[in-house]
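Note that ligands are numbered from 1 as they come in the structure, with each ligand's atoms numbered from 1 the same way.
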Amino acid sequence: MTEIRLKQVRKSYGTVEVIHGIDLEIGAGEFCVFVGPSGCGKSTLLRIIAGLEDITSGAIEIDGEVVNHVTASDRGLAMVFQSYALYPHMTVYKNMAFGLENSKMPKPEIQARVQKAAEMLQITEYLGRRPKALSGGQRQRVAIGRAIVRNPKAFLFDEPLSNLDAELRVTMRKELAGLHADIGGTMIYVTHDQVEAMTLADKIVVLQEGRLEQMGKPLDLYNTPQNVFVAGFIGSPRMNLVVATVGEGSDGLSLNAGETAIGIPAVDGLRAGDTCTFGMRPEHIRIADANNADIVVKVAFAEQLGGETYLYCDAPGLPQITVHQPGQLPVSKGQDLHLSFDRAQMHLFDAAGKVVTNGIAG
Ligand code: ADP
Ligand code: MG
């Protein structure tokens with residue numbers, strides 16, 4: 001199995017640098033997801049690894065060997081695109097076999113590989129069809145099959161599910177996870193969808209504007225974001241983030257925003273007068289009594305889904321606050337509500353957006 005490493009990789013188009021020095025290690029057999037907003041450099045980074053783009057400086061290593069000057073076809077990686085990129089005039093079988101035939105592999109070996117991949121992807125009955133006679137999901141399977149038959153050192157996926165409808169995306173997501181478990185190969189997967197990232201990844205790499213913001217296991221990113229960007233990006237619905245001024249409080253500090261002042265114990269790294277951002281995940285906000293509330297809000301909108309409830313709440317001078325509670329709550333639009341914030345689950349970031357603490361002690 002294959003290990004991939006990037007060392008201080010930079011990439012410019014003309015005079016514009018779009019990848020600003022990325023260090024990254026993808027372990028053998030790891031499912032690594034690059035995630036970030038549109039234009040942050042995910043595809044560029046993937047194409048750099050594939051050998052479809054050269055780099056301005058730095059190094060790319062595959063299994064310890066620098067491959068900067070190795071061509072895409074000699075890197076032994078297989079890429080699957082959002083657009084499928086199938087040959088319309090060829091059958092499914094031919095689409096999958098074509099690359100192997102070009103490499104002069106013996107026919108029985110090609111047949112065996114295509115059959116095996118087709119079974120794995122449940123497309124055996126479509127092998128004789130042309131792509132236009134397939135659904136979007138089936139076409140994407142063929143594109144994945146074409147990668148599998150090559151027995152690549154690693155699979156590179158660029159938003160492979162983006163063209164599929166929501167329901168099919170969920171199905172294909174599970175199948176991809178199953179595929180990784182079956183094949184066990186190294187996979188790099190690009191998406192702007194943080195739910196895909198959370199559910200598929202062994203390791204998530206969060207990118208923003210050509211910089212690596214944080215990488216780690218999905219729940220580590222969720223629980224201990226290192227900056228405001230990652231805090232706001234990972235999690236759906238997103239973390240409530242409120243910019244506040246720090247003041248003196250009765251038992252330490254006070255976070256002042258709008259008409260709200262929230263008392264917290266003293267925290268290393270924050271002083272009265274600082275600007276900070278505090279974050280609360282929707283599921284960590286409780287509905288409270290008037291006498292132990294942190295804030296009074298008005299419910300702008302309530303979504304009763306049966307098994308769970310989402311409340312969108314307004315308070316003067318604050319961004320809208322999302323509350324997520326299991327079960328059914330007797331709450332409706334326009335109602336005033338008292339909320340309390342669990343200090344142990346509160347995230348604090350400094351004026352530069354860097355984490356001060358994930359969870360306030362004591
Ligand atoms: P993502 O895949 O995360 O949406 P991309 O990797 O496609 O982002 O693009 C990253 C940045 O590089 C963007 O600002 C984009 O405009 C720029 N870019 C990508 N390809 C080219 C190119 N061929 N020429 C000039 N700029 C490019
Ligand atoms: Mg892209």
Report task. Decide yes or no on salt bridge (charged side-chain N to carboxylate O under 4.0 Å, His left out) for Lys11 and Asp54, but give the supporting numbers first. Result -> CA-CA 8 Å; Lys11 168 76 183 171; Asp54 54 8; 3.1 Å; yes
Query raised in the report: Considering only protein heavy atoms, which is closest to atom 5 (P) of ligand 1, and at what distance to one decimal place?
Result: Thr44 OG1, 3.5 Å
Report task. Provide, to 0.1 Å, the distance between atom 23 (N) of ligand 1 and the closest protein heavy atom, together with that atom's residue and name. Result -> Tyr13 CE2, 3.5 Å
Query raised in the report: For atom 15 (C) of ligand 1, is the nearest protein heavy atom under 4.0 Å away?
Result: no
Query raised in the report: Taking distance alone, with no angle check, do Leu45 and ligand 1 share an N/O pair under 3.5 Å?
Result: no
Requested in this report: Verify the ring-centre separation between Tyr87 and Phe98: is it less than 6.0 angstrom?
Outcome: yes
Query raised in the report: Nearest protein heavy atom to atom 4 (O) of ligand 1, by residue and atom, and its distance?
Result: Gly39 N, 2.7 Å
Query raised in the report: Which distance, rounded to the nearest 0.5 Å, do you find between the OH of Tyr222 and the CD of Gln194?
Result: 9.0 Å
Requested in this report: Please report the shortest heavy-atom distance between Val80 and Pro160, naming the atom on each side.
Outcome: CG1-CB, 4.4 Å
Query raised in the report: Which class fits the ring pair Phe31 and His180: parallel under 30°, tilted 30 to 60°, perpendicular over 60°?
Result: perpendicular
**Report entry** Protein residue, atom and distance nearest to atom 7 (O) of ligand 1, heavy-atom basis
**Finding:** Ser43 CB, 3.9 Å
Query raised in the report: Taking all atoms of both residues into account, what is the closest heavy-atom pair of Asp350 and Val356, and its distance?
Result: N-CG2, 3.6 Å
Query - Close approach, Gly36 and ligand 1, non-hydrogen under 4.0 angstrom - result: no
Query raised in the report: Between atom CG of Leu46 and atom CG of Leu156, what is the distance when rounded to the nearest 0.5 Å?
Result: 4.5 Å
Query raised in the report: With a cut-off of 2.8 Å, does Ser43 place any N/O/S atom under that distance from the Mg ion (ligand 2)?
Result: yes
Requested in this report: Identify, for atom 12 (O) of ligand 1, the protein heavy atom at the shortest distance, and state residue, atom and that distance.
Outcome: Val18 CG1, 3.4 Å
